[in-house]
Amino acid sequence: MASRRALLAGAAAAPLLLAACGFQLRQAPNFAFQRLVLVMPGTPLSIELRRQLEASGNIQVSNALAEAKPEDFVLESAGERRERVVVSITPTGQVREFQLRVRFSFRLRTVAGTELLPSTEILRQVDQSYSETEALSKEAEALMLYQNMQADIVQQVMRRLAIIKR
């Protein structure tokens, strides 16, 4: 009974200790702009980026550069590039391991053309073992790994956009 009370007291004190050390839950980023024009192809990464920007709640996202106002920002990208490179092979010439890569290049500017964030490339890569006997499951695993890398790149872009000041 006494150990149960000590456990409850410890659980009640934990939030106070976390607050005292400066711990704070991650919040939606505050952007220096209210409207953002996305100039990029409709790839899965750009769709996810658009969804995350709209979910932040304090920014309007548009695809129409012609309708942009002078105070709007423009995020330009040619899209992402996915790569699959053989890293190792067996002595019989069968693939043993792949390296999966996602590259995303972008830049941020004002409608007038002032560059706020120069052309930047984010590269994510992960190694994947491979076996021909498990080819279908390895393809599904590769798709999942690509999605995880895509989500990470979107979060990195969001953080980089959040630090931009006018």
Side-chain angles (χ1 to χ4, degrees), residues 7 10-11 14-15 17-33 36-65 73-109 115-165:
L7 182 64
L17 291 173
L18 286 175
C21 75
F23 175 80
Q24 185 175 346
L25 291 174
R26 187 180 304 177
Q27 299 174 355
N30 292 321
F31 298 107
F33 45 89
L36 181 68
V37 179
L38 293 180
V39 180
M40 56 183 66
T43 62
L45 194 143
S46 65
I47 292 169
E48 175 72 14
L49 179 60
R50 180 185 185 92
R51 189 180 69 75
Q52 289 288 330
L53 287 165
E54 289 174 343
S56 70
N58 55 1
I59 184 171
Q60 283 184 310
V61 181
S62 170
N63 288 341
L65 186 58
F73 286 19
V74 179
L75 182 65
E76 296 177 321
S77 173
E80 80 246 27
R81 195 171 69 216
R82 293 181 178 199
E83 302 169 354
R84 187 177 195 173
V85 179
V86 175
V87 176
S88 66
I89 56 174
T90 64
T92 60
Q94 295 178 332
V95 175
R96 170 73 103 219
E97 189 174 15
F98 283 111
Q99 186 174 69
L100 307 176
R101 298 177 188 154
V102 178
R103 294 176 188 272
F104 182 68
S105 298
F106 67 98
R107 74 182 197 131
L108 183 70
R109 65 177 177 86
E115 197 168 76
L116 301 168
L117 188 62
S119 185
T120 304
E121 181 180 84
I122 298 175
L123 170 66
R124 290 283 297 128
Q125 60 189 24
V126 66
D127 292 336
Q128 178 195 24
S129 63
Y130 185 77
S131 171
E132 288 184 8
T133 59
E134 302 170 346
L136 290 176
S137 64
K138 289 298 182 177
E139 285 299 318
E141 180 186 8
L143 288 174
M144 184 184 68
L145 291 170
Y146 277 127
Q147 288 174 346
N148 289 342
M149 289 187 287
Q150 171 185 306
D152 184 53
I153 288 173
V154 166
Q155 289 304 312
Q156 287 187 41
V157 171
M158 294 285 288
R159 285 191 293 271
R160 291 177 191 203
L161 292 177
I163 62 170
I164 301 295
K165 304 294 179 212

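In this structure, CD in Gln52 is found 12.5 Å from CD1 in Ile59, a value given to the nearest 0.5 Å. If you take CD on Gln156 and CZ on Phe106, they are separated by 8.5 Å, rounding to the nearest 0.5 Å. Atom CG of Leu36 and atom CG of Leu108 lie 6.5 Å apart (nearest 0.5 Å). Rounded to the nearest 0.5 Å, atoms CZ (Phe33) and CG (Asn58) are 9.0 Å apart. Leu53 contributes atom CG, which lies 10.0 Å from atom CD of Glu48 (distance to the nearest 0.5 angstrom). To the nearest 0.5 angstrom, Glu83 atom CD is 4.5 Å from Arg103 atom CZ.
Glu141 is linked by a salt bridge (charged side-chain N to carboxylate O under 4.0 Å, His left out) to Lys138, counting only residues two or more places apart in sequence or in another chain. Considering only residues two or more places apart in sequence or on other chains, Ser88 meets the side chain to side chain donor-acceptor pair (under 3.5 Å) condition with none of them. In this structure, the side-chain contact (heavy atoms from CB on, under 4.5 Å) partners of Ser46, at least two apart in sequence or on a different chain, are Met40, Thr43. Remark: Glu132 engages no residue in a salt bridge (charged side-chain N to carboxylate O under 4.0 Å, His left out) (not counting sequence neighbours). Every residue two or more places apart in sequence or in another chain that forms a ring-ring contact (aromatic ring centres under 6.0 Å, His included) with Tyr130 is listed here: Phe98.
When side chains are defined from C-beta on, Met158 counts as touching Leu49, because their heavy atoms get closer than 4.5 Å. With a 4.5 Å cut-off on side-chain heavy atoms, Gln99 and Asp127 count as touching. For the pair Phe73 and Ile164, the minimum side-chain heavy-atom distance is below 4.5 Å. Residues Pro44 and Gln147 form no side-chain contact, since every pair of their non-hydrogen atoms from C-beta on lies 4.5 Å or further apart.
When every heavy atom of Phe31 is checked against every heavy atom of Ser56, the shortest pair comes out as CE1-OG, 3.7 Å. Between Pro41 and Ala78, the shortest heavy-atom contact is CG-O, 3.5 Å.
A salt bridge does not link Arg101 with Glu121: every distance from a Lys NZ or Arg NE/NH1/NH2 to an Asp or Glu carboxylate oxygen is 4.0 Å or more.
Side chain of Thr120 to backbone of Pro118: a donor-acceptor contact under 3.5 angstrom is found. Judged purely by atom type and a 3.5 angstrom limit, Ser129 has no side-chain atom pairing as donor or acceptor with the backbone of Glu97.
Pairs engaging residues 87-96 under the salt bridge (Lys or Arg N to Asp or Glu O under 4.0 Å) rule: none recorded [sequence neighbours left out].
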Next item on the list: Walk me through it: do Arg50 and Asn63 pass the test side chain to side chain contact (heavy atoms under 4.5 Å, CB included)?
Entry: CA-CA 10 Å; Arg50 180 185 185 92; Asn63 288 341; 2.9 Å; yes
Margin query: As a quick check of understanding, evaluate side chain to side chain contact (heavy atoms under 4.5 Å, CB included) for Arg160 and Ile122, giving each step before the final call.
Written below: CA-CA 11 Å; Arg160 291 177 191 203; Ile122 298 175; 3.8 Å; yes
Checklist line | Residues Arg82, Val102; criterion side chain to side chain contact (heavy atoms under 4.5 Å, CB included); working and verdict | finding: CA-CA 5 Å; Arg82 293 181 178 199; Val102 178; 4.2 Å; yes
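Asn148 and Arg124 form no side-chain donor-acceptor contact under 3.5 Å, judged by distance and modelled atom types alone.
Of the candidates Leu45, Leu100, Val126, Leu100 is the only one forming a side chain to side chain contact (heavy atoms under 4.5 Å, CB included) with Tyr146.
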